[in-house]
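Working notes, beginning with the structure itself.
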2 protein chains.
Amino acid sequence: MARAAARQGMRKSEATRLRILDAAARVFARRGYADTRLSDIAEEAGTFAGSIYYHFESREELVEAVLTLGVTGVFEAVRTRVEALPPGSSHRTRLTAAIETHLAFALTQDPFATANQRLFAQVPADIRQRQIHLHRAYGEYWRKLLEGARRAGEIRRDLDLSVLRLQILGAVNWTVEWYKPGKRSIEQIAAQLATTIFDGIAA
Amino acid sequence: MARAAARQGMRKSEATRLRILDAAARVFARRGYADTRLSDIAEEAGTFAGSIYYHFESREELVEAVLTLGVTGVFEAVRTRVEALPPGSSHRTRLTAAIETHLAFALTQDPFATANQRLFAQVPADIRQRQIHLHRAYGEYWRKLLEGARRAGEIRRDLDLSVLRLQILGAVNWTVEWYKPGKRSIEQIAAQLATTIFDGIAA
DNA sequence: CGCATATTCTAAACCGGATTTGGCAGTCCG
DNA sequence: CGGACTGCCAAATCCGGTTTAGAATATGCG
């Protein structure tokens, strides 16, 4: 399910570019930012380190392309899933679906999303800076979800939605730092996250 | 308040080592992992890049030393604060104090803690791996806090404490990714985190 | 088809930054 | 004072990202 798989009627270089992107996503997801050599990516893509420069300005630009595809992929997956819910679904249901989709997509389904999760924090500050508008857009979508829930009276009125949104995404994003397949399923984790977020931990 | 400031009756090299550590913490906290040159640290410490190798095996070992001091500093600050609470304080009070202290210390008080927060995610995987026992020990302390709260009946019995602990630390750690001084105070943020964690967001 | 040109790729050179090396200057005893 | 150790510097080396020169391949057109 390579994000970059439509090899048809395109310039040759386009196909190669996509091959390199796929390879980069896989290698970055597996080895992280610092441990990944351009030569590793080149090998995985069946070419040479120097050749990458015909398709990308620099290692940084390559990383940024991978990150961008990762964020937009998760964003679309979440939005699609939420919009596919039966109309009239509660906002709690919508938020739970969003949490679960984000987790599932980032943890298991897409090398770009996995690479994005793993790399974003590892990457030099200036790269993060240039990605920030995408994250903001995604954050904006969550803000709307939360606002909808509040307007509908499903969450308290006294909370700062910005802090709340960052708190939720923080808990979700942190999951990738410790999640290992087996033991707890993604659905279980998502369910507990949603429960405690809504109902709190107090007895 | 340099962590490394007891220059007395120590070998000369000991003093230099501490000077380098302090310099490294400040530079790493300011510039992040990838943007920091050994020569930057050397300059800040009043020596030369090559000389660092007399005191540390490698750049990695230097980073690890900084990270270690960062974690242990936060750990001690949190424990000290919690233990200083009046006996009989509620577990909710204790957890709130822990959250606030962690945030305050990591965000503003100590270059080692700041460097640790900023660097931990940026650092190559094998370094993170070697730090994991410290994080586990700190996590263990939080687990005990949570267990105490549960035993005292202050939090629900149906929650998986591991997930809960990671959720809380996730939300707290994520804060450093977006916190900017001004606007909201650390106390305010800590307060809302504690409130929503305990009481949830449901109306 | 067959050439002219543009596109794509390779191999080797280059460069900055981490690491290693060799040796020099103190210092600490006897 | 002489020998051995400690702490440090300057230069050499190594590694991986980047640039370059040009070879190989594709594309467009008569």
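Just so we're on the same page: letters track the sequence lines, and every chain starts at 1. All values derive from a computational prediction rather than experimental measurement.
- Crowding of R130(A) atom CZ: a count of heavy atoms from other residues, nucleotides or ligands under 6.0 Å exceeding 12.
- In this structure, T96(B) and A194(B) approach most closely via the heavy-atom pair OG1-CB, 3.6 Å.
- When the P atom of dT7(C) is taken as reference, atom CD of E14(A) falls 14 Å away, rounded to whole Å.
- For E187(B), the CD atom counts as densely surrounded, since its 6.0 Å shell holds more than 12 non-hydrogen atoms of other residues, nucleotides or ligands.
- Between the CZ atom of R17(B) and the P atom of dT6(D) there is a distance of 16 Å, rounded to whole Å.
- In this structure, the side chain of Q192(B) engages the main chain of D160(A) through a donor-acceptor pair within 3.5 Å.
- In this structure, R19(B) atom CZ and dC8(D) atom C1' are separated by 11 Å, rounded to whole Å.
- Under the 6.0 Å distance and 45° angle rule, R59(A) counts as a cation-pi partner of Y33(A).
- A straight line from CG of D35(B) to C1' of dG16(C) spans 14 Å, rounded to a whole angstrom.
- Checked by atom type and distance alone, the side chain of T72(B) pairs as donor or acceptor with a backbone atom of L69(B) at under 3.5 Å.
- Close to dT8(C), at under 4.0 Å from its OP1 or OP2, lies a side-chain N or O of Y54(A).
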Please produce a list of atom pairs where a protein N or O lies less than 3.5 Å from an N or O of nucleotides 26-29 of chain C.
none

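- Residues R17(B) and F56(B) share a closest heavy-atom pair of NH1-CE2, 3.4 Å.
- Taking atom CD1 of residue I20(B) and atom P of nucleotide dG7(D), one finds them 12 Å apart after rounding to whole Å.
- Of all non-hydrogen atoms in P124(A) and E60(A), the two that sit nearest each other are CG-OE2, 4.4 Å.
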Could you run down nucleotides 9-26 of chain D 5' to 3' and tag each one B, S or - for protein heavy-atom contact under 4.0 Å?
-> BS-----SSBB-------

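- Closest approach of R150(A) and R156(A) over heavy atoms only: CD-O, 3.6 Å.
- Atom OH in Y33(B) sits roughly 15 Å away from atom P in dG17(C) (whole-Å rounding).
- Per the geometry, NE2 belonging to H55(B) stands 13 Å off P belonging to dT6(D), to the nearest Å.
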